[in-house]
Protein chains: 2
Amino acid sequence: MVMAAVSRRHARLYVTVDLVILTIREEGLHVLLVERGKEPYQGQLALPGGFLRERENLPDAARRELAEETGLSDARLHLEQVATYGDPGRDPRDHVVTVSYLAIAPSLPAPVAGSDARHARWEPVDRVDRLAFDHNDVFADALERARSKLEHTTLATVFCAETFTIGELRRVYEAVWGGPVDARNFNRKVTGTDGFVVPTGETRRSTPGRPAALYRAGPAKTLYPPMLRTNIGAPTSEWTRINTMRA
Amino acid sequence: MVMAAVSRRHARLYVTVDLVILTIREEGLHVLLVERGKEPYQGQLALPGGFLRERENLPDAARRELAEETGLSDARLHLEQVATYGDPGRDPRDHVVTVSYLAIAPSLPAPVAGSDARHARWEPVDRVDRLAFDHNDVFADALERARSKLEHTTLATVFCAETFTIGELRRVYEAVWGGPVDARNFNRKVTGTDGFVVPTGETRRSTPGRPAALYRAGPAKTLYPPMLRTNIGAPTSEWTRINTMRA
DNA sequence: GGCGGTTAATGTCAGAAAGACACTAATGAA
DNA sequence: TTCATTAGTGTCTTTCTGACATTAACCGCC
């Protein structure tokens, strides 16, 4: 049986992946940006990314680009698809559809010098503005995804090292949500939720101050009931983008 | 200044949109499926969809396909992007990336007979199995998205006609979540949440029984605090698919 | 007109969870 | 030993939800 090829009448497009790589540095949430080395948008900051290769699937492309930018392929990294943007005018050169991925890692070092990351740098998330292409939207959607995920899942532990204190975990929430989280209620919620964290039995000393108990990430993925953002502005959750359709 | 074209070394792909069209018929949640008229997967059921055209953006393509399938372009329809699937082997003919959209409408009629919808039919969501391509995954993800959205947003009203009763709204929840919802607590939650519904002042009589008050959808999009599924199996929320990456 | 059945709406009680915040504990430095 | 700092535990109140009872508003029938 002969199988017909796809009609040549259909559009053929380039597909890229764009990465929103988040980490926590200097007590604040940062995103990795690169300076465009050539047109279009030369000199402007953009999210890192690249073109899909022949017969390459999307997550592999995202992992490849991530490894290029951060040098990491650690399994503890979080990588998840967020949205797809396909406005024909988003890239002046040609019709390019991009699939964005949220990547989260424990404290990442300064960007490595590579051919694509020559002018890469960590930017505080509240300082991100005027990115190339539609990357402002891409970034905003991924940031909101990260914020929502901290409400409903135990994802925050991915921002931490293998062992961490409750205080460190709470500061992750504060960095991602952009506001204070009550230490007493946070401690009760996290340690009272089965599978969120697992005590190691050891402590980490700080000078001065009471030594803090150390924990590892537990097996639970879902945080149920969720820990909702309350006193940090009105929730502009990704839930509310009814009829949201990325172009 | 001359702008370089995209390198010919990068892959060029076909992009499609796939629609998960949900409606409620005969007290149950249904999805629109079409029977494939040609290879690959000829004779098998699939989600409706089609190829992106030259210079067409994704939501326009989704709307175009939706109009073809349902005859509707009603602004009250809900249409939102869900995920993108790009496994090179997902279509035997060529490397095709698909972007899935969730579409929700009030009670839709039997499928119109069109060239693409010749063998279209509504299928109860719990009877969906062995779809073509990777459409089982596509469908499962969109269904879960719909289920989650009923927890966090006022989206359920889109399944209803312009005016509806609280009982009708509750049956939407029961159809989408697949289990019973307590009428007394539901009524209190819905009518007690600002902006969820707005009373019309009229009633709808049923014979026999107490006339039910009629409502319209209110302005609120977010349902906060959310109305979480509790006694309908463990929540298999889309939140828990950490590291979920559609291929 | 009254009664019964059905559906809708309101109400009650209890418990869980979270918000707000105080107090105690465990250090190390001075 | 004292003090400052950080961590952890605790208390009270409020809010919300779960479970379920009761009342209300019909229409059909006698």
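Every chain is numbered from 1, with letters handed out A, B, ... down the list of sequences.
- Using a cutoff of 4.0 Å between basic side-chain nitrogens and carboxylate oxygens, Glu35(A) and Arg121(A) are not scored as salt-bridged.
- When heavy atoms are screened at a 4.0 angstrom cut-off, Arg205(B) is found touching the sugar-phosphate backbone but no base atom.
- Positionally, the nearest nucleotide of DNA chain C for Thr165(B) lies more toward the 5' end than for the other of Thr165(B) and Asn185(B).
- Glu151(B) and Arg147(B) are not joined by a salt bridge, as no carboxylate oxygen comes within less than 4.0 angstrom of a charged side-chain nitrogen.
- With contacts defined as side-chain heavy-atom distances shorter than 4.5 Å, the pair Leu102(B)/Ile104(B) qualifies.
- Across the protein-nucleic acid pair, Asp182(B) atom CG and dT12(C) atom P stand 17 Å apart, rounded to whole Å.
- Rounded to 10 degrees, the angle separating the terminal axes of the helix from dG1(C)-dC30(D) to dA30(C)-dT1(D) is 20°, with each axis obtained from five end pairs.
- Note on ring orientation: taking the six-membered ring where Trp is involved, the planes of Phe133(B) and His135(B) are tilted (angle from 30° to 60°).
- Comparing atom distances between the Ile166(B) side chain and each of dA9(C), dA26(C), dG8(D) picks out dA9(C) as nearest.
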Listed pairs under 3.5 Å, donor-acceptor, residues 24-31 of chain B side chains, sequence neighbours left out:
residue: Arg25(B); atom: NH1; partner: Leu108(B); partner atom: O; Å: 2.6
residue: His30(B); atom: ND1; partner: Arg25(B); partner atom: O; Å: 3.3
residue: His30(B); atom: ND1; partner: Gly28(B); partner atom: O; Å: 2.8

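- Arg204(A) has its CZ atom 15 Å from the P atom of dG28(C), to the nearest Å.
- The OH atom of Tyr224(A) sits 11 Å away from the P atom of dA18(C) (whole-angstrom rounding).
- Contact check, Thr230(A) against dA18(C): no side-chain N or O comes under 4.0 Å of OP1 or OP2.
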How far apart are the C-alpha atoms of Leu22(A) and Val125(A), what are their side-chain angles, what is the distance that settles it, and do they pass the side chain to side chain contact (heavy atoms under 4.5 Å, CB included) test?
CA-CA 9 Å; Leu22(A) 298 180; Val125(A) 296; 4.2 Å; yes

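- Applying the ring-ring contact (aromatic ring centres under 6.0 Å, His included) test to pairs two or more places apart or on separate chains, none has a residue in residues 190-222 of chain B.
- A salt bridge between Lys149(A) and Glu80(A) is present, with a side-chain N of the basic residue lying under 4.0 Å from a carboxylate O of the acidic one.
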Report all interatomic pairs (protein N or O, nucleotide N or O of nucleotides 1-3 of chain C) with separations under 3.5 Å.
none

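- Within residues 186-197 of chain A, the residues that place at least one heavy atom under 4.0 Å from DNA chain D are, in residue-number order, Asn187(A), Arg188(A).
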Can you name the atoms? Protein N/O to nucleotides 3-5 of chain D N/O, anything below 3.5 Å, with the distance.
residue: dT5(D); atom: O2; partner: Gly209(A); partner atom: N; Å: 3.4

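- Ala213(B) comes within 4.0 angstrom of the backbone, heavy atoms only, and of no base.
- Between the side chain of Arg184(A) and the base of dA20(C), no donor-acceptor pair of N or O atoms lies under 3.5 Å.
- Side-chain contact between Tyr85(B) and Ser100(B) is present, with at least one heavy-atom pair separated by less than 4.5 Å.
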Evaluate the criterion side chain to side chain contact (heavy atoms under 4.5 Å, CB included) for residue pair Arg216(A) and Thr200(A); output intermediate values, then yes/no.
CA-CA 7 Å; Arg216(A) 284 195 177 82; Thr200(A) 68; 3.6 Å; yes

